[in-house]
> 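What follows is a single structure, and I will ask about it in a moment.
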There are 2 protein chains.
Amino acid sequence: MNLKQLSHMLSLSQTTVSRALNGYPEVNEETRRRVMDAAKRHGYRPNPSARRLATGKSGMIGYVLPTGAAVDIDPHFVEFLSGLGDYARAHELDLVLSPADADDEETTYRRIVANRQVDAVYISSPRPADKRLALVNTLGIPFIVHGRSEGFDFDYPYLDIDNEGAFHEAARLLVQLGHKRLALINGNDRETFAIHRERGVRRALAASGLTLGERHIRSVTMTEENGYRAARRLLEEAEPPTAIVCSSLIMALGVVRAVRDLGRTIPGDLSLVAHDDVFPWLRPENFPVPLSTTRSSIRLAGARVAERLAARISGLEEGARGEVWPVDLVVRGSVAGAPA
Amino acid sequence: MNLKQLSHMLSLSQTTVSRALNGYPEVNEETRRRVMDAAKRHGYRPNPSARRLATGKSGMIGYVLPTGAAVDIDPHFVEFLSGLGDYARAHELDLVLSPADADDEETTYRRIVANRQVDAVYISSPRPADKRLALVNTLGIPFIVHGRSEGFDFDYPYLDIDNEGAFHEAARLLVQLGHKRLALINGNDRETFAIHRERGVRRALAASGLTLGERHIRSVTMTEENGYRAARRLLEEAEPPTAIVCSSLIMALGVVRAVRDLGRTIPGDLSLVAHDDVFPWLRPENFPVPLSTTRSSIRLAGARVAERLAARISGLEEGARGEVWPVDLVVRGSVAGAPA
DNA sequence: CAAAATAGCCAAAGCGCTTTGGAAGTCTCT
DNA sequence: AGAGACTTCCAAAGCGCTTTGGCTATTTTG
């Protein structure tokens, strides 16, 4: 059932039927009802390919997926996707993942924009002065950044959590508990979120005249193994840190293992706080010692990004509004006063 | 730059240019070269929307993503995606994720097929007599199942790992080591993979005249917490199992925690084997006691599924070929002879 | 009451490709 | 040399929608 057939059985022109269906004003309300009714009865669904060719709109949102043998997709992605999908489903939006060579995402961005494959894109894990951001900005496709970049002379729309504030709070708590030697096991420090977290920790320390030693900060890919290694190296020093702030739950698993291996205890010898993106399959309260966390649901972020993308596509949102979500600090058993 | 312009500057018809570009035989080889050359020089890329409308082919593969507030996307998904993306990138295939209400995926399948939004789809985590499979089979769109179903009167193309064989081997090893009370912490037993794994364990036990007691099998969603709970319940029995086979690394984390909480040890009191899908961020060799596993890279499976989907789209693969990958049994420190 | 504005509808021209149904020109064969 | 068979190209008709530019009634306005 296509438009031609439908309009023919209604004895109307395609123009009128199309307009009736798409809510244009120049059609009699009664005619519109007739059309809507017939469309529903016959299960008419406009062919998206045709509509696309005519309008240039695809009804999909895009994401360029960096791939390659050496590239691992972040497990956070799947939770973000849950949220995104949740919203997208309710609004009949599809998501297209365009795999790209991790060393050359630009080509792919250009392609999907030139081909009008998607109406909007989102960008995640941005770095300072991220090229993708500049590119997408000049290409003129609606977009939202999940996270933040820095060092541009233009503004852009984003959704981020208050990473600096979160880690500031976490560090401040530890300092108040008497800890003087803090360490930070961070994610890849070329990504903005890691920079912000480091900034937060440093600021909290500075407020009490403390500093974050060069050797007390580790920046690694967020795997269990890297958490373990970083923690071991930190704890095997002559004067090991008495508290660690850690950028992910998965790394925290490694930290806990390292502490055990060394015969130390949490929170007796070491206080630990980690950031929790809220995975259904790994919860901080179920750690051997319940883990204190800075908590922010990445899933909700996914839903919000989808919502804002939809708003931008339909012109309801404009400009470069940045949105920063506060982060909860949830204190559990893994923190205590500094050892004497 | 579109076809019209290109053909005009070559003083050729659109027909000829189109044919030259798409490798049709009825065009002079020299003309073809000229065309190809000009196309490349001017960076001509056929508009996919137009091509789509004309041919009905989209150049994308589809996946219906079950969503909902209560639905969690499996973290395995992201690894599978890595592999899929790896292949897809090399062949300029995009992947479209169509979020669907988890209780009504049918509507979405029908929509994407009717709209010809994708050239092929894959289905994951199938159950016995899975409705999606029957549906997709009648809808006539090329597809591949990742995993297997059962109880159909038709064959279908799939890629699966030898779950039964893998768990058979694991259980057999444990039996040989003298274990008589085995337990299985399985995934959702409405999914085929879980059924196959259970079958494998039972078969190994049966071969030695043993059985898997009703209470010695747990079927749960694969989270750390569920692994913990299942293990606790098993180990707190009067006659606890001396060996556990576990369907995922994440659940194994919980099992390890439970064992510790109860003051027992691995492998002294309990031998443990788990299935490993090979995540970059959590490795069995890094468990407190290196974990024995049945190992199969879900990432490679993703790449293979993409490859076969591409083959089916272009007509290179036909029929209902099933492909079953063997699974490695990797023995590490977490297994030992049964305690006296 | 004539002129101007408005409401409601339609025919037809795109969107940019593929594919059908020829039509020339060139070769081959008797 | 003329008939048939290739080879190589083209004009034009889709694919199914949206949108432009008009056209006819009907209503409003001065």
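In what follows, chains are A, B, ... by sequence order, proteins preceding strands, each numbered from 1. Everything numeric here is computed off the predicted structure, so don't read it as measured data.
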> Mind running a 4.0 Å heavy-atom check of residues 23-36 of chain A against DNA chain D and sending the residues that fall below it, in number order?
Y24(A)
> Take Q14(B) and A50(A), find for each the nucleotide of DNA chain D with the closest heavy atom, and name the residue whose nucleotide sits nearer the 5' end.
Q14(B)
> Base, sugar-phosphate or nothing for S7(A)? Non-hydrogen atoms, less than 4.0 Å.
nothing
> Donor-acceptor check, side chain of N115(B) to backbone of Q117(B), threshold 3.5 angstrom: yes or no?
no
> So does R32(B) have more than 12 non-hydrogen atoms from other groups sitting under 6.0 Å from CZ?
yes
> Between Y158(B) and S149(B), do the side chains contain an N or O donor and an N or O acceptor separated by less than 3.5 Å?
no
> Donor-acceptor pair, Y87(B) side chain versus A310(B) backbone, under 3.5 Å?
no
> Look at the side chain of T192(A) and the backbone N and O of R148(A), then say whether any donor-acceptor pair between them is shorter than 3.5 Å.
yes
> I'd like to know if the side chain of S18(A) reaches the main chain of Q14(A), judged simply by a donor and an acceptor atom lying under 3.5 Å from each other, with no hydrogens or angles considered.
no
> Could you list all N or O pairs between the protein and nucleotides 21-26 of chain D that sit under 3.5 Å apart?
none

> Select from S11(A) and N47(B) the residue whose nearest nucleotide in DNA chain C is closer to the 5' end of that strand.
S11(A)
> When you list every nucleotide of DNA chain C with an atom under 4.0 Å from a heavy atom of chain B, which one comes first 5' to 3', and which comes last?
dG16(C) to dG21(C)
> Okay, side chain of R190(A), backbone of P128(A): is any donor-acceptor separation there less than 3.5 Å?
no
> Between L84(B) and Y122(B), does the side chain to side chain contact (heavy atoms under 4.5 Å, CB included) criterion hold? Intermediate values first, please.
CA-CA 11 Å; L84(B) 198 83; Y122(B) 82 88; 4.1 Å; yes
> Has R111(A) got more than 12 heavy atoms of other residues, nucleotides or ligands less than 6.0 Å from its CZ?
yes
> Answer yes or no: is there a donor N or O on one side and an acceptor on the other, between the side chain of R321(B) and the main chain of P157(B), under 3.5 Å?
no
